[in-house]
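Quick note: numbers below take in every heavy atom, side chains included, and nothing from hydrogens, waters or symmetry partners. The chains referred to below are lettered A, B, ... by the order of the sequence lines, with proteins before strands, and numbering in each begins at 1.
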Number of protein chains: 2
Amino acid sequence: MNLKQLAQSLGLSPTTVSRALNGYPEVSEATRARVIEAARRHDYRPNTRAKSLATGRAMSIAHVIPVSNRHEIVNPVFADFIAGAGETYVKAGYEMVLSVVNDGDEARMYQDLRNRGSVDGVIVHGPRAADPRIEMLHRIGLPFVVHGRATGCEVPYSWLDINNRRAFQRATDFLLDLGHRRIGLVNGVEWMDYAIRRRTGYLEALAARGLAVDGNLIYSGEMTETNGYRAARHMLALPDPPTAILTSSMISAIGVRRAAWADGLDLGRDLSLITHDDELSYLRNGDEVPIFTATRSSVRTAGRMTAEMLLGIIASEAEAPQTRLLEADLIIGQSTGPAPAGPHSSGQQPHQEHA
Amino acid sequence: MNLKQLAQSLGLSPTTVSRALNGYPEVSEATRARVIEAARRHDYRPNTRAKSLATGRAMSIAHVIPVSNRHEIVNPVFADFIAGAGETYVKAGYEMVLSVVNDGDEARMYQDLRNRGSVDGVIVHGPRAADPRIEMLHRIGLPFVVHGRATGCEVPYSWLDINNRRAFQRATDFLLDLGHRRIGLVNGVEWMDYAIRRRTGYLEALAARGLAVDGNLIYSGEMTETNGYRAARHMLALPDPPTAILTSSMISAIGVRRAAWADGLDLGRDLSLITHDDELSYLRNGDEVPIFTATRSSVRTAGRMTAEMLLGIIASEAEAPQTRLLEADLIIGQSTGPAPAGPHSSGQQPHQEHA
DNA sequence: TCGCGCCGCCAAAGCGGTTTGGAAAAGCGA
DNA sequence: TCGCTTTTCCAAACCGCTTTGGCGGCGCGA
């Protein structure tokens, strides 16, 4: 059932039916009611393609997810972010198109999305330091919002981010307040912008107390369980091991937990652990009382809000970029406690001779 | 730059240019070359909307992801499945549209997708026993493939699934061969089809050895870390605790591991654990040697193959449904070992008096 | 009663492609 | 040179919707 048929069945012109359905005033309320009722009865839905061809608005937003061939990690945060954004789109009558693209081909993908006219805007995931995508999107004039930021990007752009620096600074401070002095950082890969900011927050907190930085206590790599485990094992085997560790994700925190247990260390007593918790729906940080002390910020909410920002920008055709910085909560769980007084129970002696 | 402009710039008609670009024979090779070169130079991409309006093919596939409000779990498997499917789509020139929908509204969503003509087919996620969606899609005549199956669905349909029953039967058998007799099952929610099949496999293996089923050793619930932990704690506190546990996902396995450690049990020695490993990119089961013994099947590959099936069905307009059953590997990791001889080291005595 | 403005509707021209039905030009055998 | 086929291109219709520009008819004030 298309518009013409519907119009014919009502003895009206397509024009009038279209106007009736789209709420234009040039049609009497009587016929409008009649049209709406008929549309409902026939389950009529305007053809998206035709509509967007006629209006010039695609009514859809692209999310480009880069998938590298080398390390094929799909961002674990992705599903929940999408779920949040999807809620917004559905309310606004937008569709969401997903483009999986081998990274490196992203530039062409954005060009294509624009030239093919298949979307009204895009959301940029996983920005890196000085991410070239931003400059490119700016140039080709496709509305976009970045989830995160890109340090060292000169062009203005819209973004939504959490205050990663502040979050990790606060977490580090919290550990320092508990008496910890050797604090490890198990971070994401260092070209990701959020990882840089978290590292900065960590470093600033140490610096504020005049503490030296130990390169051995900083790890950065893909946020997997295994990497968390390895990094922690390595740190805990140091002559002067950390009494606390900061982690960039629940998943690597779980790896760190495994390493602690392997060394017979009790989390919260022998080793303190703070992680960042994106509130992933399938990886909750406990139910009532959090398992891990964590900096917490819902990535699903972020998805919802980022999408709202983008739709707002598209609707208003605003030139001035919008930005939004969310603060993460610091929630106390069972994985932190005061720094142990002496050498811990792993049986290791500090300052072993093989150092 | 659109077709008309491109044609004008070449001194040709839109017809000829269109034919040249789409490989039709009614155009000389000389002009075809000229057109292709010009298109490349101008970075011309045909407008997707116009094209699909003209051809009647949307060149896009919908993935409907239901998000319930009660328990807002987004399937953790989703991101990787999507990544796999996306690879297929990108190769075939298809787009992927994602519809996030509150479950219950799914029926209407499928109707809409069809009536609005915005997709050529859909992939159905997370089928349940006798899932009504299948019958409905069948009725409205939208091509679809189900990732998984729906026991008790009378209409024929296309699906791709792994052999969940066989996988869990083999895993159970493996544990039985190691001497385990008390084996727990931490399964997904019982209305999900895959959970039913896994349970069946588990029960069949026990039955084949004439072993009785203990309802206390079977848990089913959302596959979260916390649920895995709780279920395992509960089982391990039984008067006659299990010496081995089967788990439906890496995430709940991690919860079980936590419970084991909390009881001072060593995985692989005091307690054996087998999980199902979907090879999620962000949750690998170790690097070289697997952490958990597991039934393994890549959900990303499944995504790729499911998408291929659907595109094949759309292209061939085949009536006969296609099906594909993949076998999971049983891979040996560090979490299994022979059943402990006596009561294990948790300090519990079997057959305690409070039973 | 007449003239004017407004209301309610419609015909037709797009949007940017594909595709049908020719038509001119070129090739070919007699 | 003629007639016929083949090659190469084009004009126009169409996909399903929106939107511009009108056009009758009715109400209203003079």
Side-chain angles (χ1 to χ4, degrees), chain A residues 1-36 38-39 42-60 93-95 111-120, chain B residues 1-39 42-60 93-95 112-120:
Chain A
M1 168 73 56
N2 59 22
L3 187 68
K4 202 186 292 179
Q5 294 165 5
L6 182 63
Q8 202 149 21
S9 84
L10 281 161
L12 290 171
S13 77
T15 308
T16 305
V17 175
S18 169
R19 290 191 150 141
L21 292 175
N22 291 315
Y24 285 91
E26 302 95 332
V27 50
S28 75
E29 284 312 315
T31 48
R32 187 194 302 283
R34 209 156 60 87
V35 167
I36 288 178
H42 291 97
D43 230 27
Y44 169 74
R45 298 279 183 294
N47 181 300
T48 330
R49 309 286 157 161
K51 185 163 188 164
S52 75
L53 184 58
T55 58
R57 334 196 66 220
M59 292 304 281
S60 72
Y94 271 72
E95 289 183 342
Q111 275 285 6
D112 282 13
L113 285 172
R114 179 177 172 67
N115 291 349
R116 291 185 315 200
S118 44
V119 299
D120 298 320
Chain B
M1 167 72 59
N2 59 22
L3 188 66
K4 203 185 291 181
Q5 293 165 4
L6 183 63
Q8 202 148 22
S9 85
L10 281 161
L12 289 171
S13 76
T15 309
T16 305
V17 175
S18 169
R19 291 191 150 142
L21 292 174
N22 291 313
Y24 285 92
E26 303 95 331
V27 48
S28 75
E29 284 312 314
T31 48
R32 186 194 304 281
R34 208 157 60 89
V35 168
I36 288 177
E37 162 59 18
H42 290 97
D43 230 27
Y44 168 75
R45 298 279 183 291
N47 181 301
T48 330
R49 309 282 156 165
K51 186 162 188 164
S52 75
L53 183 58
T55 58
R57 335 197 64 223
M59 292 304 281
S60 73
Y94 271 72
E95 288 182 342
D112 282 11
L113 286 172
R114 176 175 174 69
N115 293 349
R116 292 184 315 201
S118 46
V119 299
D120 298 320

Let me know the distance between [atom1] of [X] and [atom2] of [N], rounded to the nearest Å.
| X | N | atom1 | atom2 | result |
| --- | --- | --- | --- | --- |
| R49(A) | dT18(C) | CZ | C1' | 16 Å |
| L10(A) | dG8(C) | CG | C1' | 15 Å |
| K51(B) | dC17(D) | NZ | P | 22 Å |
| Q8(B) | dG16(C) | CD | P | 14 Å |
| Q5(B) | dC15(C) | CD | P | 10 Å |
| R45(A) | dC17(D) | CZ | P | 12 Å |
| L6(B) | dG17(C) | CG | P | 9 Å |

Looking at [X], I'd like to know whether one of its side-chain N or O atoms comes within less than 4.0 Å of OP1 or OP2 on [N].
| X | N | value |
| --- | --- | --- |
| Y44(B) | dG16(C) | no |
| N22(A) | dT18(D) | yes |
| Y24(B) | dT18(C) | no |

Between the two end axes of the helix from dT1(C)-dA30(D) to dA30(C)-dT1(D), each built from 5 base pairs, what angle do you get to the nearest 10°? 50°
For V17(A) and L12(A), which heavy atoms make the closest approach, and how far apart are they? CG2-CB, 4.1 Å
Just by modelled atom types, is the [Y] backbone N or O under 3.5 Å from a matching donor or acceptor in the [X] side chain?
| X | Y | value |
| --- | --- | --- |
| R49(A) | R49(B) | no |
| Q5(B) | N2(B) | yes |
| S118(A) | A58(A) | no |
| T55(B) | K51(B) | yes |

Does R34(B) form a salt bridge (Lys or Arg N to Asp or Glu O under 4.0 Å) with E37(B)? I'd like the steps, not just the answer. CA-CA 5 Å; R34(B) 208 157 60 89; E37(B) 162 59 18; over 6 Å; no
Would you mind building the protein contact string for nucleotides 7-15 of chain D? One character per nucleotide, 5' to 3', B for base within reach (heavy atoms under 4.0 Å), S for sugar-phosphate only, - for untouched. -BBBBB--B
Side chains of E95(B) and E95(A) in contact at under 4.5 Å (non-hydrogen atoms): no
Selected nucleotide, minimal atom distance to L3(B) side chain, candidates dT19(D), dG16(C), dT18(C): dT18(C)
Under the salt bridge (charged side-chain N to carboxylate O under 4.0 Å, His left out) definition, can you give me all pairs with a residue in residues 11-24 of chain A, not counting sequence neighbours? R19(A)-E26(A)
For Q8(B), does the CD atom sit with more than 12 other heavy atoms under 6.0 Å from it, leaving out its own atoms?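 Counting other residues, nucleotides and ligands, CD of Q8(B) stays at 12 neighbours or fewer.
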